[in-house]
Amino acid sequence: MGMDLAKERADFLAGRSFTAWRWLGGRFAPGAEGAVFRVYAPGARAVGLIAGWNGWAPAPMARDADGFWTLTDPAAEEGGLYKYRILGADGRTVDRADPFALCTELRPGCASRLIRLSPTRAAAGWRPAPGRGYDRPMNIYELHAGSWRRRADGGWLFYGELAEPLIPYLQRHGFTHVELLPLAEHPFDGSWGYQVSGYFSATSRYGDPRGLQYLIDELHRADIGVLMDFVPVHFVADDFGLHRFDGTPLYEYDHPDIAQSAWGSCNFDYYKPVVRSFLQSAADLWLSFYHCDGLRMDAVSNALYWQGDPSRGVNAGGVEFLRGLNSGLHRRHPGAVLTAEDSSTFLKVTAPVEYGGLGFDYKWDMGWMHDTLDFFAAPPEVRGRLRGQLAFSMQYFSSELYLLPLSHDEVVHGKKTILDKLPGGYEEKFAQCRALFAYMFCHPGKKLSFMGNELGQFREWDEDRELDWNLLEYPMHAAFDRCFAALGQLYLEHPALWDGEYDPKNWTALNTEDPEVFAFSRTGGGERLLFALNLSGALKQEAGVAWRGSAPLRELLNTDDERFGGGGRVNGPLIPAYGGVVLQLAPFAAAVFAKSGPSAGRAAPAEAGPDARS
C-alpha cells in the first residue's frame with residue numbers, strides 16, 4: 001500500500017498510530033490477487049479465517065513474534081463475508097468480526113464484509129473547511145440518519161437518498177453543519193449508535209461506505225460541514241466484538257471494578273498503547289477516508305474520571321489519551337473541529353495541549369442548557385425573580401469555548417420535547433418556545449439543535465419512526481418552523497452574533513425598568529444588536545431598556561410577528577432618549593434590534609486561527 005509496514009507496526013504497538021486502518025483488517029493487495037488479512041491477537045492460541053468464499057472452513061493464519069496474525073487469500077471476493085475464528089488464551093473458541101473491517105453485514109448478522117478502499121468522487125478537489133469556526137457562524141443540525149425521514153413503507157433511506165431532501169432543508173433553516181449521531185456499526189438500534197461494535201465500519205443500515213461518501217460529498221458541494229459523533233469511551237460486550245478478543249482483556253481494563261461501564265458495555269483501557277492506536281486510527285478514518293469536517297466526542301467525562309465519577313479521581317490515562325488524540329488529529333487535519341460532550345467542571349477542556357489543555361475546539365455548555373430549560377419550565381409569574389439564571393452562564397462563559405446544545409438527550413426518556421417542557425396552553429407554549437430559541441441564537445456560543453426541534457414536536461423522539469412531518473400541515477407548527485428558519489438566517493447575516501463572541505467585552509447585560517424584561521447587547525463585526533425578552537405572560541407596552549447611543553434602532557425580528565404565529569405586536573423605529581429606549585413586547589416575546597440603515601450583515605471573515613482563543 002505504499003507504506004513502511006515495519007514502521008506502521010512499531011507505531012501501532014507503541015500507541016502512536018493514526019493510520020492502522022490502512023493496513024490492519026481485510027484489505028485488497030495492490031497489484032496482487034486476492035486480499036491480505038491482518039489481525040492483532042497476541043494472546044490467541046490459534047486464529048483462522050472463515051469466509052463465505054471458502055465455505056466457512058477455517059484457513060489457518062500465521063502468527064509473528066509481536067502477535068499479528070496474517071493470511072493472504074487469493075480467493076477473497078469483494079463484498080464477501082468473513083470472520084476470524086479465534087482460540088483464545090482462556091481456551092474458548094469464538095468467531096469474531098474483524099475489528100478493522102470497513103463494512104459489516106446488516107444486523108442481526110455480524111460478519112465483516114470485504115470492500116475495496118476507494119477515493120470519494122470529490123477527493124481530487126476536496127479541501128478542508130477554512131478553519132475551526134472561530135469568529136464564524138456555526139449552526140449545527142444534530143441528525144439521526146434512520147429517523148429523520150423514512151420510506152413510505154417505514155424502511156430506512158439509504159445514505160445517498162438522504163442528500164436530496166436534506167441539503168435544501170439545511171440551507172433554508174440556516175444550518176452550517178450537520179452532526180450525525182454515530183454511524184460506526186452497532187448491533188442494537190436503540191443504542192442510537194453509542195454502543196459500537198465496528199469502529200471502522202460505517203453502519204450497513206443505510207447502505208455501504210460509497211453511499212456515505214456520496215452523502216458527505218454532496219453536503220460539501222453545498223458548503224455544509226459534516227461532523228461525526230465518535231464514541232471513544234466504551235464498546236459493546238457482545239462476543240463477536242472486542243470483548244476479551246483474544247481470550248484476554250485486550251481492549252478493556254484487566255480489573256473487573258473498572259472493566260465495565262454503567263451502560264453494561266466495556267470501558268477502553270487507555271493505558272494500553274494498542275488501545276490508543278486503535279481509537280486514534282478510528283477517529284482518523286472518519287476525517288481521512290470519509291472527509292468529515294470534525295468529530296464530536298461522546299461522554300468525555302467518562303474518560304476524564306474513573307467511571308465518570310469525579311469523586312473517584314482523575315483517570316490520568318484518559319486525560320493523556322485525549323490530549324494525544326486531539327493534538328495528533330489537529331496535526332493531521334488542521335481544520336478539523338473537535339468538540340467535547342462534557343458535563344464535568346474539568347479545567348482547560350478547550351485550551352491547546354501545549355498550554356496544559358485537552359486540545360478540544362469546543363465544549364458543550366451543559367450548564368447553559370440545564371439553566372435555560374429549567375428557567376423556561378418555571379411558572380411565568382416567578383421568572384422575574386429568576387432572571388439571573390439566564391445571565392449566569394456569562395459569568396463563566398469566557399473560561400472555555402462553548403457550544404450551546406439542545407440535543408437528542410433532552411427530548412427522550414420521559415423528559416418531554418423542548419416545546420412540551422414549557423408551561424401554559426397551546427399558543428403559550430409556542431410563544432415561549434419561539435422566545436427560547438431566539439435567546440439561544442442571540443446568546444454567545446456555537447449552536448446545536450436536534451432534528452424535530454424546529455417543527456415544534458410534542459412527541460418525544462423515537463428512533464423507530466420518522467419525524468412528525470405532518471405537523472407542518474397545521475398553521476401553528478408551520479409558523480414555528482418559519483420562525484426557526486428566520487432565526488437561523490438572522491444568525492448567519494449578523495456578525496455581532498458570532499464575530500468575537502468569546503470576548504466578554506462583546507456581551508453586555510442591560511438594565512431594564514421592569515424585572516420581567518431581560519435584555520443584553522451583542523457587539524461584533526462593526527455592528528451592535530439589542531436583544532430583549534419578555535419573561536412574563538403580560539403585555540409590556542412601554543418597556544424601558546438602557547441603551548447608549550442616539551441613532552434610531554430598527555427591529556430585525558420579533559417572535560410575536562404574525563408570520564411566526566404571534567399576535568403581530570411588533571415595533572416601529574426606536575428613538576433612544578435619556579440613555580435608553582422604550583419598546584413593546586408581547587407576552588413571552590423576544591425581539592432583536594440594530595441601528596437603522598442597510599443591514600450590517602456580511603460574509604463570514606477569514607479564519608482567525610487558534611491564537612484567537614488565548
Side-chain angles (χ1 to χ4, degrees), residues 1-32 35-42 64 66-70 72 97-104 112 114-120 123-124 126-128 183-185 196 198-202 209-210 212-213 216 226 228 230-232 235 242 245 250-251 268 270 272-295 297 320-338 353 359:
M1 292 187 176
M3 64 178 66
D4 183 344
L5 193 55
K7 182 181 184 304
E8 292 283 342
R9 289 156 59 104
D11 285 345
F12 180 80
L13 294 171
R16 297 189 298 264
S17 180
F18 283 78
T19 56
W21 62 270
R22 296 182 181 272
W23 59 278
L24 274 170
R27 301 291 184 266
F28 283 99
V36 178
F37 297 84
R38 298 185 182 94
V39 62
Y40 182 69
D64 68 13
D66 293 321
F68 293 98
W69 299 77
T70 305
T72 299
D98 184 350
F100 285 83
L102 296 174
C103 192
T104 305
S112 302
L114 185 64
I115 67 165
R116 293 185 184 274
L117 287 169
S118 58
T120 67
W126 179 85
R127 59 186 178 84
L183 290 180
E185 193 59 82
V196 179
Y199 269 78
F200 298 81
S201 178
R210 293 180 182 87
L212 179 55
Q213 288 175 327
I216 294 172
V226 181
M228 184 63 66
F230 185 68
V231 186
F235 58 90
L242 299 178
F245 184 76
L250 183 61
Y251 290 94
F268 279 111
Y270 304 117
K272 295 174 180 174
V274 296
V275 169
R276 298 196 296 273
S277 288
F278 179 88
L279 289 170
Q280 289 162 181
S281 297
D284 182 78
L285 171 90
W286 297 103
L287 302 178
S288 292
F289 182 58
Y290 287 106
H291 293 160
C292 292
D293 301 285
L295 301 173
M297 310 285 186
E320 288 309 306
F321 161 72
L322 291 173
R323 286 173 174 162
L325 174 67
N326 290 334
S327 59
L329 290 176
H330 278 147
R331 282 195 304 271
R332 296 176 56 79
H333 309 278
V337 178
L338 304 179
V353 172

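Worth saying up front: this structure is predicted, and the values here are computed from it rather than measured. For this chain, numbers begin at 1 and follow the sequence in order.
Rounded to the nearest 0.5 angstrom, L279 CG and F321 CZ are separated by 4.5 Å. Remark: Y290 OH to Q213 CD distance equals 6.0 Å, nearest 0.5 Å. Atom CZ of residue F278 and atom CZ of residue F235 lie 8.5 Å apart, to the nearest 0.5 angstrom. Here CZ of F100 is found 12.0 Å from CZ of R38. Values are rounded to the nearest 0.5 Å. Going from atom CG of D293 over to atom CH2 of W286 covers 14.0 Å, rounded to the nearest 0.5 Å. Distance check: K7 NZ to S17 OG gives 8.5 Å after rounding to the nearest 0.5 Å.
Distance alone, capped at 3.5 Å, places no donor-acceptor pair between the S112 side chain and the A101 backbone. Looking only at distances, no side-chain donor or acceptor of Q280 sits under 3.5 Å from a matching main-chain atom of A20.
Side-chain contact check for R116 versus R210: some heavy-atom pair is nearer than 4.5 Å. Two residues are said to be in side-chain contact when any heavy atoms from C-beta on lie closer than 4.5 Å; L250 and P42 meet this criterion. At least one side-chain heavy atom of L102 sits under 4.5 Å from a side-chain heavy atom of R27. In this structure, S288 and H333 have side chains that are in contact, with non-hydrogen atoms separated by less than 4.5 Å. Side chains of L338 and L329 form a contact here, defined as non-hydrogen atoms less than 4.5 Å apart. D11 places none of its side-chain heavy atoms less than 4.5 Å from the side chain of S277. T70 is not listed as a side-chain neighbour of D64, based on a closest heavy-atom distance of 4.5 Å or more. Between F28 and L117 the shortest side-chain heavy-atom distance does not fall below 4.5 Å.
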>> Assess the residue pair M3 and T19 against the criterion (side-chain contact (heavy atoms from CB on, under 4.5 Å)); give the C-alpha distance rounded to whole Å, side-chain angles, the decisive distance to 0.1 Å, and a yes or no.
In response: CA-CA 10 Å; M3 64 178 66; T19 56; over 6 Å; no
> So L242 and F268, side-chain contact (heavy atoms from CB on, under 4.5 Å) or not? Walk me through it.
Replying inline: CA-CA 10 Å; L242 299 178; F268 279 111; 4.1 Å; yes
> Do H330 and V353 pass the side-chain contact (heavy atoms from CB on, under 4.5 Å) test, and can you show the C-alpha distance, the side-chain angles, and the key distance before you say yes or no?
Replying inline: CA-CA 11 Å; H330 278 147; V353 172; over 6 Å; no
>> side-chain contact (heavy atoms from CB on, under 4.5 Å), that's the test. Do V39 and L24 meet it? Break it down for me.
In response: CA-CA 6 Å; V39 62; L24 274 170; 5.9 Å; no
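Partners of A282 under the side-chain contact (heavy atoms from CB on, under 4.5 Å) rule, at least two apart in sequence or in another chain, are Y199, F200, F230. Residues passing the side-chain hydrogen bond (donor to acceptor under 3.5 Å, both in side chains) test with D66: none are found, sequence neighbours excluded.
In terms of heavy-atom proximity, V275 sits nearest to Y251 at CG2-O, 3.5 Å. What you find for R276 and Y270 is that their closest heavy atoms are NH1-O, 2.9 Å. Heavy-atom minimum distance, V196 versus E185: CG1-O, 3.4 Å. The nearest pair of heavy atoms linking R323 to S327 is O-OG, 2.8 Å. Here the shortest heavy-atom pairing between P273 and A14 reads CB-C, 3.6 Å. Closest heavy-atom contact between L287 and G294: CD2-N, 3.8 Å.
Sequence neighbours left out, the pairs with a member in residues 327-338 that pass salt bridge (Lys or Arg N to Asp or Glu O under 4.0 Å) are D284-R332.
Under the 30°/60° scheme for interplanar angles, the aromatic rings of Y40 and F12 are found to stand perpendicular.
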